[in-house]
Enquirer: 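I have a structure I would like to understand better, so I am pasting it below and will then ask my questions one at a time.
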2 protein chains.
Amino acid sequence: MRIGDLSARTGASRRSLRYYEEQGLLVSSRSPSGQRHYEDEHVQRVRLVQAFLAAGMSSGTIAEMTPCMAEPNEDRARQALEIMSRERARLSQAIDHLAAARNALDNLIEDNHAYLARSAQDGS
Amino acid sequence: MRIGDLSARTGASRRSLRYYEEQGLLVSSRSPSGQRHYEDEHVQRVRLVQAFLAAGMSSGTIAEMTPCMAEPNEDRARQALEIMSRERARLSQAIDHLAAARNALDNLIEDNHAYLARSAQDGS
DNA sequence: CTAAAAGCTCACATCAATGTCAGGGGCAAG
DNA sequence: CTTGCCCCTGACATTGATGTGAGCTTTTAG
C-alpha cells in the first residue's frame, strides 16, 4: 500500500503521514525509488496516533509512549509506563475539565432559555 | 481590583487578561490614567472563559456564546442558543474521543505490564 | 522626593500540526 | 514516447493563545 492508499484509509493527509514518520510515530519501507510502502497493520497504527493527537497529546509524547521502532527493553518499558500513567492522569483531568465546561454551558443554555421564555411572556 | 490582582486570583497572566478584553470576553472600567479596574464578579467571568478555552473553544466562539457586553435581545439570544448547542455537541464528542484515547492507553499500559512480567520471569 | 513596582501599548516571537507550492522523479496506459 | 497521476524533498505559510521586551506613565512605599 502506498501513501495515498493509507491516507484514504485513515483520513490522515499525505502530509500528515510524512510528518508522523518524521516524528518517529510511523515507519515505512521504501521501494528502490524511494516511495513509501505500508502494510495493513499500519492502518491501525495511524488510527492510534490520530486518537492520541486528537486527545491533545504532542507527537513527542506519543513517541515516548509507543516504542514503535526502537527495540523494546526493560528500562525503556519502565520509562514508557511512567509517561503513560502521567498521560493517563492528564487525560482524566482533561475529561473532567471538559465535563465542567459542559456543565457551565448547560447553565448558560438554561439561562438563555429562561430569558427567551420571559421575553415571550412579557410580550416582545 | 487592578489587573495584577485579577491575574493572581485567576491564574491567568496579565497578557491573557488583556487578550480576553481585546477579544470581547472581558470588560474593564478604566481609571482616568487608563488603568484597568475590575470587580469581584470578574473573577468568575475569567474562570468561565478559562474553562471554555481549556475545553478547546476559540475565543471567537466564546464571544458568540456569552453576550458579555452587548445588550441582550431575542435574536441574539436565539443565535447564541444555536451556537451553544453546537458547542455542547462538540464537547460531548471531545469527551468521547478522550475516553477512547484513554482506553487505548490502558491497553498499551496493560501490554507493557505483561511485557515486563514476562521479561522478569524469563530471567532478565 | 525618589525609587521600586505595576500598568499601558505595540510589536515581534513561539509552538505544533497541517496546508500549500515548487521543482523533479517514477510508473502505467494509450 | 508521451500523457497523466502519484510520489519525493524542502521550504514557507497559517492559526491562536500566550510569552517577551521596549519605551513610557502611574501609583505606591520608604
Side-chain angles (χ1 to χ4, degrees), chain A residues 1-39 42 45-66 68 83 87 90 94 97-98 101, chain B residues 1-39 42 45-66 68 83 87 90 94 97-98 101:
Chain A
M1 164 174 23
R2 287 187 298 170
I3 196 171
D5 306 317
L6 186 59
S7 170
R9 274 173 224 195
T10 60
S13 69
R14 297 179 249 278
R15 175 71 174 87
S16 294
L17 293 175
R18 296 193 190 103
Y19 177 73
Y20 298 163
E21 178 170 330
E22 185 185 318
Q23 300 296 308
L25 307 180
L26 184 62
V27 285
S28 67
S29 52
R30 298 299 188 102
S31 76
S33 66
Q35 299 201 346
R36 293 171 175 83
H37 284 267
Y38 302 96
E39 306 305 317
H42 289 109
R45 174 73 196 177
V46 170
R47 296 228 166 94
L48 184 67
V49 169
Q50 286 180 309
F52 283 161
L53 282 178
M57 293 185 195
S58 75
S59 59
T61 300
I62 302 175
E64 288 175 312
M65 288 192 324
T66 66
C68 67
I83 294 170
E87 284 306 305
R90 214 188 49 74
H97 283 161
L98 285 189
Chain B
M1 161 172 29
R2 286 188 299 169
I3 197 172
D5 306 317
L6 184 59
S7 170
R9 273 174 226 195
T10 60
S13 69
R14 296 178 251 277
R15 174 70 173 89
S16 295
L17 293 176
R18 296 194 191 101
Y19 178 74
Y20 299 162
E21 178 170 330
E22 186 186 318
Q23 300 297 308
L25 308 180
L26 184 62
V27 283
S28 66
S29 52
R30 299 297 189 103
S31 76
S33 66
Q35 300 202 344
R36 293 169 175 84
H37 284 266
Y38 302 96
E39 306 305 317
H42 290 108
R45 174 75 195 176
V46 171
R47 295 229 165 94
L48 185 66
V49 169
Q50 287 179 309
F52 284 161
L53 283 177
M57 293 184 194
S58 75
S59 59
T61 299
I62 302 175
E64 288 175 312
M65 288 191 324
T66 67
C68 67
I83 294 170
E87 285 305 306
R90 215 188 47 75
H97 284 160
L98 285 188

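Model, not experiment: these values are computed from the prediction.
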Enquirer: Using whole Å, report how far CG of D5(B) lies from P of dT28(D).
Expert: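 Taking CG of D5(B) and P of dT28(D), I get 11 Å after rounding.
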Enquirer: For the pair made of CD in Q35(A) and C1' in dC5(D), what is the distance, rounded to whole Å?
Expert: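 Those two atoms, CD and C1', are 11 Å apart.
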Enquirer: Is there a donor in the side chain of R2(B) and an acceptor in the side chain of S31(B), or the other way round, less than 3.5 Å apart?
Expert: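 No, no side-chain donor-acceptor contact under 3.5 Å.
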Enquirer: Taking the nucleotide of DNA chain C with the closest heavy atom to each, which residue, P32(A) or Y20(A), is nearer the 5' end?
Expert: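 Closest to the 5' end, via its nearest nucleotide, is Y20(A).
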Enquirer: In whole angstrom, what separates R18(B)'s CZ from dC10(C)'s C1'?
Expert: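 Nearest whole value for this atom pair: 12 Å.
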Enquirer: Of the nucleotides dA17(D), dC27(C), dA17(C), which one has an atom closest to the side chain of L53(B)?
Expert: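 Comparing dA17(D), dC27(C), dA17(C) against the side chain of L53(B), the answer is dA17(D).
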Enquirer: On DNA chain D, does the nearest nucleotide to R2(B) precede the nearest nucleotide to Y38(A) from the 5' side, or the other way round? Give the residue.
Expert: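 Looking at the nearest nucleotide for each, Y38(A) comes out on the 5' side.
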Enquirer: Atom CD of E22(A) to atom P of dT18(C): distance rounded to whole Å?
Expert: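 The answer, rounded to whole Å, is 12 Å.
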Enquirer: Check the distance between dA17(C)'s P and Q23(A)'s CD and give it to me in whole angstrom.
Expert: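 It works out to 6 Å between those atoms.
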Enquirer: For L6(B) and dC8(C), give me the distance from atom CG to atom P, rounded to whole Å.
Expert: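 My rounded result for the distance is 11 Å.
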Enquirer: Is any side-chain heavy atom of V49(A) closer than 4.5 Å to one of L26(A)?
Expert: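 Answer no - side chains too far apart.
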Enquirer: Would you indicate which nucleotide in dC6(D), dT9(D), dA17(C) comes nearest to any side-chain atom of R30(A)?
Expert: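 The nucleotide sitting nearest to the side chain is dT9(D).
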Enquirer: Taking any heavy-atom pair under 4.0 Å as a contact, classify S31(A): base, sugar-phosphate, or nothing.
Expert: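 Result for S31(A) = nothing.
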Enquirer: Please give, in whole Å, the distance from dG19(C) C1' to L17(A) CG?
Expert: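 Interatomic distance, CG of L17(A) to C1' of dG19(C): 14 Å.
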Enquirer: Compare side-chain N and O positions of R14(A) against OP1 and OP2 of dT9(D) and report whether any pair is under 4.0 Å apart.
Expert: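 For R14(A), the contact criterion (side-chain N or O under 4.0 Å from OP1 or OP2 of dT9(D)) is not met.
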Enquirer: Do the side-chain N or O atoms of Y19(A) get closer than 4.0 angstrom to the phosphate oxygens (OP1, OP2) of dA17(C)?
Expert: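 For dA17(C), OP1/OP2 do have a side-chain N/O of Y19(A) under 4.0 Å.
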Enquirer: Just N and O in the side chain of R15(A): are any of them under 4.0 Å from OP1 or OP2 of dA17(C)?
Expert: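 No, because none of the side-chain N or O atoms of R15(A) sits under 4.0 Å from OP1 or OP2 of dA17(C).
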Enquirer: Counting side-chain heavy atoms from CB outward, which of dT9(D), dT18(C), dC7(D) is closest to R36(A)?
Expert: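 Ranking dT9(D), dT18(C), dC7(D) by closest atom to the R36(A) side chain puts dT9(D) first.
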Enquirer: Would you say S33(B) reaches dT27(D)'s phosphate, i.e. side-chain N/O to OP1/OP2 under 4.0 Å?
Expert: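 Yes, within the criterion.
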Enquirer: Check whether any side-chain N or O of S16(B) sits under 4.0 Å from OP1 or OP2 of dA17(D), and answer yes or no.
Expert: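 For dA17(D), OP1/OP2 do not have a side-chain N/O of S16(B) under 4.0 Å.
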Enquirer: Any side-chain heavy atom of R36(B) within less than 4.5 Å of one from R30(B)?
Expert: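 Result yes, sub-4.5 Å side-chain heavy-atom pair found.
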Enquirer: Could you tell me whether the side chains of E21(B) and S28(B) share a donor-acceptor contact shorter than 3.5 Å?
Expert: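 Yes, S28(B) and E21(B) have a side-chain donor paired with an acceptor closer than 3.5 Å.
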Enquirer: With heavy-atom distances below 4.5 Å as the criterion, would you say the side chains of V46(B) and Y38(B) are in contact?
Expert: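 Counting from C-beta outward, V46(B) and Y38(B) never come under 4.5 Å.
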Enquirer: Do the side-chain N and O atoms of E87(B) and T61(B) include a donor-acceptor pair separated by under 3.5 angstrom?
Expert: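 Their side chains do not contain a donor-acceptor pair, so the 3.5 Å distance test is not met.
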Enquirer: Can you find a side chain N or O atom of S59(B) that sits less than 4.0 Å from OP1 or OP2 on dG16(D)?
Expert: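 False: S59(B) side-chain N/O out of range (4.0 Å or more) of dG16(D) OP1/OP2.
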Enquirer: Would you mind reading off the distance between H37(A) atom NE2 and dC7(D) atom P, rounded to a whole angstrom?
Expert: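 My rounded result for the distance is 9 Å.
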Enquirer: Hey, is the side chain of S58(B) poking within less than 4.0 Å of OP1 or OP2 on dG16(D), counting only N and O atoms?
Expert: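 Answer is no, no contact under 4.0 Å.
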Enquirer: Out of dC7(D), dG19(D), dG7(C), which has the shortest distance to the side chain of I3(B)?
Expert: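 Nearest to the side chain of I3(B) among the choices is dG7(C).
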